[in-house]
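Single-structure report; data block below.
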Amino acid sequence: MTTSSILWGVLFGSLGAGYALYGKKQRALVPFLSGLALMLFPYAIQNTYLIVVIGAVLAAAPFIFR
């Protein structure tokens, strides 16, 4: 892992924690699942560019699928 992939993972993980807490409190399934995915996917992917692309898609998902 490179430093940039670790930093992107921390960024998307913290965003995912916020989405998961919001989704749990509001009982909204899409933000909750998106938050869980944002917290877990950086562990499975090593490529920095894929982390950025997948993280951006997962971060935008609650706004697209309302």
Side-chain angles (χ1 to χ4, degrees):
M1 292 191 98
T2 64
T3 305
S4 60
S5 65
I6 292 171
L7 291 175
W8 281 109
V10 168
L11 175 74
F12 287 125
S14 60
L15 183 64
Y19 276 3
L21 288 174
Y22 172 78
K24 184 177 179 182
K25 183 174 270 195
Q26 297 295 322
R27 297 184 185 192
L29 187 62
V30 175
F32 180 72
L33 292 178
S34 179
L36 287 179
L38 278 167
M39 287 188 289
L40 296 176
F41 89 92
Y43 292 108
I45 298 173
Q46 301 292 323
N47 189 346
T48 305
Y49 296 113
L50 281 177
I51 289 175
V52 171
V53 170
I54 293 172
V57 169
L58 287 173
F63 297 103
I64 295 171
F65 302 109
R66 287 191 177 210

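Model, not experiment: these values are computed from the prediction.
Leu15 and Val30 are assigned to two separate hydrophobic clusters, defined by single-linkage of ILVMFWY side chains at heavy-atom distances under 4.5 Å. In the hydrophobic clustering of ILVMFWY residues, with side-chain heavy atoms under 4.5 Å counting as a link, Phe63 and Leu58 come out together. Both Leu33 and Met39 belong to a common hydrophobic cluster when Ile, Leu, Val, Met, Phe, Trp and Tyr are linked at side-chain heavy-atom distances under 4.5 angstrom. A single hydrophobic cluster is not seen to contain both Leu36 and Tyr19; linkage of ILVMFWY side chains at heavy-atom distances under 4.5 Å, directly or through other members, places them apart.
Below 30°, between 30° and 60°, or above 60°: for Phe41 and Phe12 the angle between ring planes is between 30° and 60°, a tilted geometry.
Trp8 pairs in a side-chain contact (heavy atoms from CB on, under 4.5 Å) with only one of the listed residues (Thr2, Val52, Ile45), which is Val52.
The two residues Ser34 and Ala61 have their closest heavy-atom pair at OG-CB, 4.3 Å.
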